[in-house]
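Whatever order the structure lists ligands and atoms in, that order sets their numbers, starting from 1. No hydrogens, no waters, no symmetry mates; every other heavy atom, side chains included, goes into these values.
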Amino acid sequence: MKDHNQSPLLTALSADAPVDGAFVRVGDASMSLGELRAAAAAVADRIAGADRVAVNATASLETIVAVVGCLTAGVTAVPVPPDSGPAERRHVLTDSGVRLWLGDAPEDVGLLVVPIDVSARSATSYPEPDAESAALIVYTSGTTGAPKGVVLSRAAIAACLDALSEMWAWTAEDTLVHGLPLFHVHGLVLGVLGALRVGSPLRHTVRPKPAAYAEARGSLYFGVPTVWSRVCAEPSAARALGSARLLVSGSAPLPLPVFEKLSGLTGAAPIERYGMSETLITLSTRYDGERRPGWVGSPLSTVQTRLRDDRGAPVPHDGESLGQLQVTGPTLFDGYLGLPAKTAESFTEDGWFRTGDIAVVDAGGFHRIVGRESVDLIKSGGYRIGAGEVEQALLAHPGVREAAVVGVPDDDLGQRIVAYVVGDVGDGAAVSDFVAGTLSVHKRPREVRVLEALPRNAMGKVQKNLL
Ligand code: MLC
Ligand code: AMP
């Protein structure tokens, strides 16, 4: 195993790597490694000494230069979803305590803004920051309340990427293609930092459209299940991906029909892998191993998993018994920013992280994710959305007295957000428009249904299973 305290996190950017030729391409814009290194150093020159900074995380070269600039200077990057509503953005900025904003800024941002110029160059050389320091703070939803900041160290990122490169035989010979957002683990950690650690050129398609995936002619592709389902709906695009070495699916369950259809159209079964913002990627099938539909494979070489029942007793790994999935290993986060009690609650007494997912493990160590413990964490298009956060946004509407949000099964998105409200709101459209001012697009209910009353049990608790 590598000594992460010695080696640079972004190996491909280290001084002795070759630097010419387009390495990172986002849409039509591209940069060589040398250009990226010099542009990131120019960002580092502007921000060195800051503790942490916000990055306007659009799908662009600017975001990549900004994040690499932060990592160069040893400044923690806080990626902000570009479509965050004002309230959501204010929470992220206040909670993270950033004083600087990198990139184009909304008018009301209230921070010192450092624009990103991808053509700027600096030759300043920075020492490798401490491997235990925080690289990123990624905001993610819990069942209730506002999103929490997940603190990810450089060492955790390095450990995850090294184990994945071994599992997928991911090398500098690969060309990585994806079009995922750059403010979550999947698109940013795997999809950008992975390419810069492994040294495989990156083609980011801005959005993960099937035709753009087909045109990119890469060897390694990343997508959430919604992307693969849409690829299957365009068979010519799917067939064009038949020349790729690996298609990797993660962030949500890959439906069996999509697995089968993608296998049929491309001639090879996709790789499935499982992870969380808090743990990074912990389970995957291997490039040279079994790919079983509905199963997400085995732990990364440095990760351990176990199943526990409600009372904390071991659940057998027999391929049938359901248990709460717990994980431990070097890929885990450092904690939720400023929330020591919530961090402590998310670990068992003996230090294993409670994923909140229910799983089955077979005798060979293969894992199947069966569902989540809580109905209040919804996965829609691969985005994790807390029902509580959406309910709070709905309750801020002056006419809404009660609100309950659920994830309804959806062929395209996995789950679709539906809101039930009680109050004087006329039809649901006005409520949808209202929350559009608070929540980013993917957190908005696709449908708002107005009810006379919410179904409640004798204790007064809403019975979401009846909605
Ligand atoms: C969407 N739209 C809405 C809406 N929801 N409009 C009004 N109200 C709503 N509630 C708009 C969109 O903006 C878009 O408009 C159009 O409707 C189509 O939306 P869509 O069907 O959702 O498609 P799209 O926007 O293309 O999004 C699908 C997707 C996206 C798959 C591209 O969901 C996505 O990028 N998902 C990736 C999420 C992710 O990276 N998760 C990783 C988390 S990390 P217009 O005008 O823009 O077309 C993690 C760890 C791990 O989980 O294991 O990886
Ligand atoms: P996030 O916090 O956005 O990183 O979401 C993490 C959650 O996504 C996990 O707790 C799982 O519920 C879900 N998830 C990620 N990958 C998979 C997968 N391959 N299969 C099923 N669920 C997944």
Side-chain angles (χ1 to χ4, degrees), residues 57 59 79 81-83 138-142 147-148 150 152 160 164 178-191 194 205-210 212-213 222-231 248-255 259 270-285 294-297 324-325 327 331 333 346 353-359 367-374 377-386 390 405 407 410-419 428-429 431-433 435-436 439-448:
D83 70 334
V138 175
Y139 277 79
T140 195
S141 302
K148 302 191 283 284
V150 172
L152 295 167
C160 174
L164 284 181
H178 73 91
L180 296 167
L182 299 184
F183 46 87
H184 281 309
V185 159
H186 196 161
L188 183 59
V189 175
L190 268 61
T205 58
V206 184
R207 293 186 68 169
K209 301 256 189 216
Y213 272 37
F222 292 165
V224 296
T226 301
V227 170
W228 297 124
S229 159
R230 292 178 185 185
V231 164
V248 184
S249 179
S251 303
L254 184 66
F259 183 105
I271 290 277
E272 286 190 70
R273 98 300 178 280
Y274 158 90
M276 290 186 78
S277 304
E278 290 90 334
T279 63
L280 299 180
I281 309 314
T282 49
L283 298 165
S284 182
T285 54
W295 295 70
V296 295
Q324 300 172 0
L325 180 66
V327 302
T331 64
F333 71 142
S346 68
F353 180 74
R354 304 175 202 271
T355 63
D357 289 303
I358 304 294
H367 291 57
R368 182 161 73 86
I369 307 298
V370 177
R372 289 209 56 96
E373 279 171 53
S374 170
L377 268 192
I378 299 165
K379 268 267 157 164
S380 188
Y383 285 113
R384 167 167 148 190
I385 299 143
V390 186
V405 166
D410 185 282
D411 284 344
D412 179 45
L413 297 168
Q415 286 181 298
R416 176 175 83 247
I417 306 180
V418 175
V431 183
S432 292
D433 291 346
V435 293
L439 296 173
S440 52
V441 176
H442 62 269
K443 292 182 180 174
R444 293 176 203 158
R446 302 265 166 162
E447 224 180 299
V448 177

- Query: Under a heavy-atom criterion of less than 4.0 Å, does His442 contact ligand 1?
  - Reply: no
- Min heavy-atom dist Gly223 to ligand 1 below 4.0 Å: no
- From the options Gly381, Ser440, Pro445, select the one whose nearest heavy atom is closest to atom 37 (C) of ligand 1. Gly381
- Message: Check the orientation of His186 and Phe222. Use parallel for under 30°, tilted for 30 to 60°, and perpendicular for over 60°.
- Response: tilted
- Spacing of Met276 atom CE and Thr282 atom OG1 [to the nearest 0.5 Å]: 9.0 Å
- Query: So is there a nitrogen or oxygen of Arg446 less than 3.5 Å from a nitrogen or oxygen in ligand 1?
  - Reply: yes
- For ligand 1, which atoms, with element, lie under 4.0 Å from some heavy atom of His184? 43 (C), 44 (S)
- Message: My understanding is that only residues two or more places apart in sequence, or in another chain, count here; which of them pass salt bridge (charged side-chain N to carboxylate O under 4.0 Å, His left out) with Lys148?
- Response: none
- Message: So, 4.0 Å and heavy atoms of Arg207: is ligand 1 close enough to count as a contact?
- Response: yes
- Message: On a heavy-atom basis, I'd like to know which of Ala419, Gly382, Pro181 is closest to atom 40 (O) of ligand 1.
- Response: Pro181
- Is ligand 1 under 4.0 Å from a heavy atom in the side chain of Pro208, in the backbone, in both, or in neither? side chain
- For the side chain to side chain contact (heavy atoms under 4.5 Å, CB included) test, which of His442, Lys379, Arg372 pairs with Arg384? Lys379
- Among non-hydrogen protein atoms, atom 10 (N) of ligand 1 lies closest to Arg444 O, 2.9 Å
- Query: Got a sec: does the CG of Asp433 have more than 12 other heavy atoms crowding it under 6.0 Å?
  - Reply: yes
- Partner residues of Asp412 under the salt bridge (charged side-chain N to carboxylate O under 4.0 Å, His left out) criterion, sequence neighbours left out: Arg230
- Message: Is it the case that ligand 1 has an N or O less than 3.5 angstrom from some N or O of Arg273?
- Response: yes
- Query: Near ligand 2, which protein residues have a heavy atom under 4.0 Å away?
  - Reply: Thr140, Ser251, Ala252, Pro253, Arg273, Tyr274, Gly275, Met276, Ser277, Val296, Asp357, Ile369, Arg372, Lys379, Arg384
- Short N/O distance, under 3.5 Å, between Asp412 and ligand 1? no
- Those residues that, when tested against Arg368, pass side-chain hydrogen bond (donor to acceptor under 3.5 Å, both in side chains) (two or more places apart): none
- Item | ligand 1 contact on His186 by region, counting heavy-atom pairs under 4.0 Å | both
- ligand 1 to Val224 polar contact by distance, N or O atoms, under 3.5 Å: no
- Note on the structure: Contact region, Lys379 to ligand 1, non-hydrogen atoms below 4.0 Å, reads side chain
- Which option out of Val441, Ile281, Val248 puts a heavy atom nearest to atom 13 (O) of ligand 1? Val441
- Message: Below 30° counts as parallel, above 60° as perpendicular, anything between as tilted: where do the rings of Trp228 and Tyr213 land?
- Response: perpendicular
- Message: Check this for me - ligand 1, Arg230, N or O atoms closer than 3.5 angstrom, yes or no?
- Response: yes
- Task: Run the numbers for me: atoms of ligand 1, each under 4.0 Å from some heavy atom of Gly275, listed by number.
- Result: 53 (O)
